[in-house]
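Inspection log for the structure reproduced underneath, given as structure tokens.
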Amino acid sequence: MPTPVISPREADVLALLGEHLSNAEIAARLFISVRTVESHTSSLLRKLALPDRRALSRRAVELARAERPRTAPALPAPLTEFVGRERERAALEVLLADHRQVTAVGPGGVGKTRLALAVAAAAAGGFADGVWFVDLAPVAGPDRVAAAVAAVLGVGEQPGQGLDEAVCAALSERRALLVLDNCEQVREGVAPFLERLLAACPEVRVLATSRARLLVPFERVFPVPPLSRDGGGSSEAVALFLERATAAAGVAPDPALRDGIAAVCERLDGMALAIELAAARWPTLGLDGLRAGLSDQLRILAGGPRADDRHRSVRAVLDWSHELLEPADRALLRRVSAFVLPFTAGAAVAVAGFAPLDAGAVADGLGRLAEQSLLTAVPSAHGTRYRALETIRQYGAEQLDGAGESARVRGRHLDWCLSGADGLARAADEERQLREGRWQSGFDALAEELRTALAWAAERPERRPDARRLALGLAGLAFDRQLLGEAQQRLEQAATLADGSPGDGYPGDGSSNSGRPNGASPAGTSFADASPTDAADALREAARVAGCRRLGDDMYRLHRAAAAAALDAGDPAGAARDLAAAATVAHRFSSTFARLPAAAEVTALLARARELSDGSPAASAALALAEAAVLADAYGSVQGSPDNTARETVGYAERAVGLARRAGDPVAESAALDALSGAHSWAGEPFAAAGSARRRVELLAPAQRTPGTAHEQVDALAMAAATAIGVGELDQARQWGRQLAEHPLTAEVGHHATSWLLVADAFAGQEEAVLAGGARFLRAWEQGGRPRSFSLGPAAAAVAMVHGLRGDDGARASWLAVVGRAGTEEEHRHGYGAVFDATVMLHRGEAAAALERISPAPEEVWKWVSWVWLHWYAAVRVEASVLSGHPEARERLAGARATVAGNPVAVAQLDRAQALLDGDPARVRATAAAFAAAGCRYQSARSLRLAGATGGG
């Protein structure tokens, strides 16, 4: 089927549908009529064969996710012309061509950013994967450097790794230029980040701007000089002054004044910012006024302690410009320095609008400051915003401290942030009901303000309650925005800010989950009024976010920290639940640990939990689950025995399910059902395992999205899809696989999201779906740092099988190489790999080779075939035995009947093997219908081929 051709305008409409805009909003954004939008929408529905507008929106989101990291955004476009700097541009371009990391160094206001942008634009053609600009000025702290870069790259968090690793993985095979602007304030974070990046990404180059060198390996420093004053009235400095003065006045200064202007530029040491600020005053002061003002100001500063004359020249002009302002405008300039991002007039009123400044005059004041080049007006989709260059913002902050207003203004800024966070949380909750995500752009525009306000408040004892509330609010918003690492970090921060925060037992080193600005966490635990258990509550939620991140070590650490906090707060029963949870995590999520805790340590946690338990339903349920995990190995943990087929495991798990249900906790019941599903697998009862997994999905479906429920939902969908594959319910497996692929928590991890869907599609013979899904899987797996997982190996092997069935040995070999890195060698050799490889060999008529590949009896490879692969292994092994003429083929077939009974695909495969063994082509052909009814298109077609080969026509 040919790929539909989508016009550029249709593509624009599709992208905005992905933002969940209405037809009227799309029409306004694209300057077209609503009727035209409706026409394009109808055309897209037809071309993409989609049923409704919601499906179009989902498709737009999928396309955006697939393409987001691929294309660099346009470099910032300055509103004014770049003037001069020919020699510096040429020298910096050569330096960047010869060295992997170049830092343009110079004082504030010298013009580093404009020079870097000009050089980056000129060099862009040499970087196939683009130039990426990251402004670090608004970044709240050194630990946010990787997050800022990731946001620009469009890289999301990957389970089991930090954002540093995710960025490195995304750029590891790219030829790209990364421009990091304003590094000086976060040098402690930039330096280690660059060391890791440059080591991991050999084709990436970095151009940084900073007031001081970064002191990292590979760094080559380029000192940015002031603008040249050589040539007097024809110099670069004068050219810049003339260009900016003309823009301000609407008419160029008289050429006869060039020498006088050159003298002014000389007084300003050629500093670009100082020249621009002086030029902005040209229309009202003229040359004489500039001379008089600057001479007076420089004389005042001549005896100052500043060692750097260039810094002094910028400060001189800033002081001079400041003194020329009306008192109200001075107050406004210093007060808006609290903002680190572009802000609206309304925001300025909220933060700066108090006596002696009239709130009603704030908007006019912003306009006057923009006219004097002290602020820049920035148009946006939501109205005009204002921003100050970082040098001017820092100057304003100094004036704020000097005026004694810092505490009041930053307190108002904190209150404004708290209100904004409340509003964003309400919008997120409302839009979630409508499956919309427009609140997210609001969060992106506010996030750094929230972080800055939180950092300020956290250092002030009198504002700790507000800091804690904002930390919880930011955690909740970050979780909803898929910034899981920050969500975990903010919850841990909230724990340290809570009254009765943890003592020595709490290792508060950062990582966590979600809360809500109004004080209620997503799980419904109230944080609005401080209580002795606040720290424990926040740490428990942090552990759940760590689970969403597939960080077993953090889950274990945080549950233990929560137990310590609960004991400090006089809550032994809560501590018992946390210690039991830590013990469970050590076994349930053992494959996500970097270092597994010792068995004796985990057993001791379980014993201590028993001592502290009060016998309540919640504590009893937590203990029962820990016993199923630790004592009976219900989850089949990494540290467990490969021979665990004990029937008592099912008993442990069933008890845990019953107690969790009695406690009324759906998350706990889901975890217990997961244990029961694993226990049934060990007991050789795949249908029971599938039933337990299905109950988990049904139980969690109506639950509100919280870190705990989201983690369980993703795990439940994966287990439900996998166990459905195991019993031949391919249509159901594909349905759950699609739900997993579309889950918000898997948005950035296409390899984990699509793994079981790829397996189900491969078994079903959905060839095109596997090839398309394989591309997404591979891209996400590579960007995620090529991790290993129990589900990633089978997914890659499934794609390899499809290429093998298509006769593309080159592609199959490439995917088998992925299998070797994405899965474990033993699982591939003894389990899923045997099934997929033997299927390809049978397809090619290599029955003897297929039998050799899958020769061990299922009980000999039990650890690797129980759960998903048992029925497939047994059926393929029988078919290989029959087609290769093995003397025990009939006996093996009879034995497999009992194993696969109830599995429509495996039963049909055995029926076909029986017909082949009996030489009955009509019965072989009849199995085609059974395969088709089971959703197994490939095997249906194979039955017809085999019937023809045996003489059935």
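Hydrogens, waters and symmetry mates play no part in the numbers below; they use all other heavy atoms, side chains included.
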Checking Trp872 side chain against Ile725 main chain: does a donor-acceptor pair fall under 3.5 Å?
yes
Measuring only between side-chain heavy atoms, which start at C-beta, is Arg557 closer than 4.5 Å to Asp553?
no
Can you tell me how far CD of Glu742 sits from CG of Leu757, rounded to the nearest 0.5 angstrom?
9.5 Å
Partner residues of His559 under the ring-ring contact (aromatic ring centres under 6.0 Å, His included) criterion, sequence neighbours left out:
none
Step-by-step side chain to side chain contact (heavy atoms under 4.5 Å, CB included) determination, Trp682 to Val650:
CA-CA 9 Å; Trp682 283 118; Val650 175; over 6 Å; no
Take Ser681 and Ser866, measure what side-chain hydrogen bond (donor to acceptor under 3.5 Å, both in side chains) needs, and give me the verdict at the end.
CA-CA 6 Å; Ser681 292; Ser866 64; over 6 Å; no
Val878 side chain reached by Gln909 side chain, heavy atoms, under 4.5 Å:
no
ring-ring contact (aromatic ring centres under 6.0 Å, His included) partners for His830, two or more places apart:
Trp864
For a 4.5 angstrom cut-off between non-hydrogen side-chain atoms, does Val759 reach Tyr832?
no
Would you sort out whether Arg786 and Glu173 count as a salt bridge (Lys or Arg N to Asp or Glu O under 4.0 Å), showing the intermediate values?
CA-CA 12 Å; Arg786 300 177 176 85; Glu173 297 180 2; 2.4 Å; yes
When every non-hydrogen atom of Ala632 is compared with those of Thr649, the smallest separation belongs to O-OG1, 3.3 Å
Kindly state each residue pair satisfying salt bridge (Lys or Arg N to Asp or Glu O under 4.0 Å) with at least one member in residues 719-730, sequence neighbours excluded.
Arg694-Glu729
Residues 715-727 vs salt bridge (Lys or Arg N to Asp or Glu O under 4.0 Å), sequence neighbours excluded, gives Arg588-Asp715, Arg696-Asp715
Hey, does the side chain of Arg853 reach the backbone of Arg829 with a donor-acceptor pair shorter than 3.5 angstrom?
yes
Give the minimum heavy-atom separation between Val907 and Ala901, together with the two atoms involved.
CG2-CA, 4.3 Å
Take Phe479 and Cys548, measure what side chain to side chain contact (heavy atoms under 4.5 Å, CB included) needs, and give me the verdict at the end.
CA-CA 10 Å; Phe479 180 79; Cys548 296; 4.0 Å; yes
Arg788 side chain to Gly820 main-chain N or O, any donor-acceptor pair under 3.5 Å?
yes
Return the minimal non-hydrogen interatomic distance between Leu625 and Ala675, and the atom names on each side.
CD1-CB, 4.1 Å
Side chain proximity check, His752 to Ser789, heavy atoms < 4.5 angstrom:
yes
Partners of Glu627 by side-chain contact (heavy atoms from CB on, under 4.5 Å), sequence neighbours excluded?
Leu606, Arg610, Leu631, Tyr652, Arg655
What one should report as the nearest heavy-atom pair of Trp867 and Phe790 is CH2-CE1, 3.5 Å
Taking the side chain as every heavy atom from C-beta outward, state whether Leu596 and Ser590 have any atom pair closer than 4.5 Å.
yes
The criterion is ring-ring contact (aromatic ring centres under 6.0 Å, His included); which residues satisfy it with His711, sequence neighbours excluded?
Phe589
Counting only pairs under 3.5 Å, give me each side-chain donor-acceptor contact of residues 793-806, with atom names and distances, residues two or more places apart or in other chains.
residue : atom : partner : partner atom : Å
Arg806  : NH1  : Glu767  : OE2          : 2.3

Which residue pairs pass the salt bridge (Lys or Arg N to Asp or Glu O under 4.0 Å) test when at least one of the two sits in residues 865-883, sequence neighbours left out?
Glu879-Arg912, Glu879-Arg942
Taking the side chain as C-beta and beyond, is there a heavy-atom pair between His680 and Ser692 under 4.5 Å?
yes
Kindly assign one of parallel, tilted or perpendicular to the pair His871 and Phe687, based on the angle between their ring planes and the thresholds 30° and 60°.
tilted
For Glu827 and Thr824, test the side chains for any donor-to-acceptor distance below 3.5 angstrom and give the result as yes or no.
yes
Shortest non-hydrogen contact from Thr723 to Ser677?
CG2-OG, 4.1 Å
Within the side chain of Gln713, is there an N or O that forms a donor-acceptor pair under 3.5 Å with the backbone of Val697?
no
Check: Thr603 side chain, Ala599 main-chain N or O, donor-acceptor pair, under 3.5 Å:
yes
Between the main-chain N or O of Val770 and the side-chain N or O of Asp761, is there a donor-acceptor pair closer than 3.5 Å?
no
Quick one: does any side-chain atom of Ser884 pair with a main-chain N or O of Ala880 as donor and acceptor, under 3.5 Å?
yes
Taking ring-ring contact (aromatic ring centres under 6.0 Å, His included) as the test, write out the residues that go with Tyr938, two or more places apart.
His843
Does some side-chain heavy atom of Glu203 sit less than 4.5 Å from a side-chain heavy atom of Arg174?
no
Enumerate donor-acceptor pairs with a distance under 3.5 Å from any side-chain N or O in residues 854-861 to protein atoms, sequence neighbours excluded.
residue : atom : partner : partner atom : Å
Ser855  : OG   : Glu852  : O            : 3.4
Glu860  : OE2  : Ala857  : N            : 3.3

Does any non-hydrogen side-chain atom of Glu486 lie less than 4.5 Å from one of Arg481?
no
Verdict with supporting geometry, Arg844 and Asp809, salt bridge (Lys or Arg N to Asp or Glu O under 4.0 Å)
CA-CA 12 Å; Arg844 296 178 175 181; Asp809 288 343; 2.3 Å; yes
Residue pairs passing the side-chain hydrogen bond (donor to acceptor under 3.5 Å, both in side chains) test where at least one lies in residues 810-823, sequence neighbours excluded
Arg812-Asp837
Can a side-chain donor-acceptor contact be found between Ser940 and Ser943 if the only test is distance below 3.5 angstrom?
no
Taking the side chain from Ser881 and the backbone from Ala889, do they hold a donor-acceptor pair closer than 3.5 Å?
no
With Ala718, which residues qualify under side-chain contact (heavy atoms from CB on, under 4.5 Å), at least two apart?
Leu740, Trp756
Any idea which heavy atoms bring Trp736 and Ala724 closest together, and the distance?
CZ3-CB, 4.1 Å
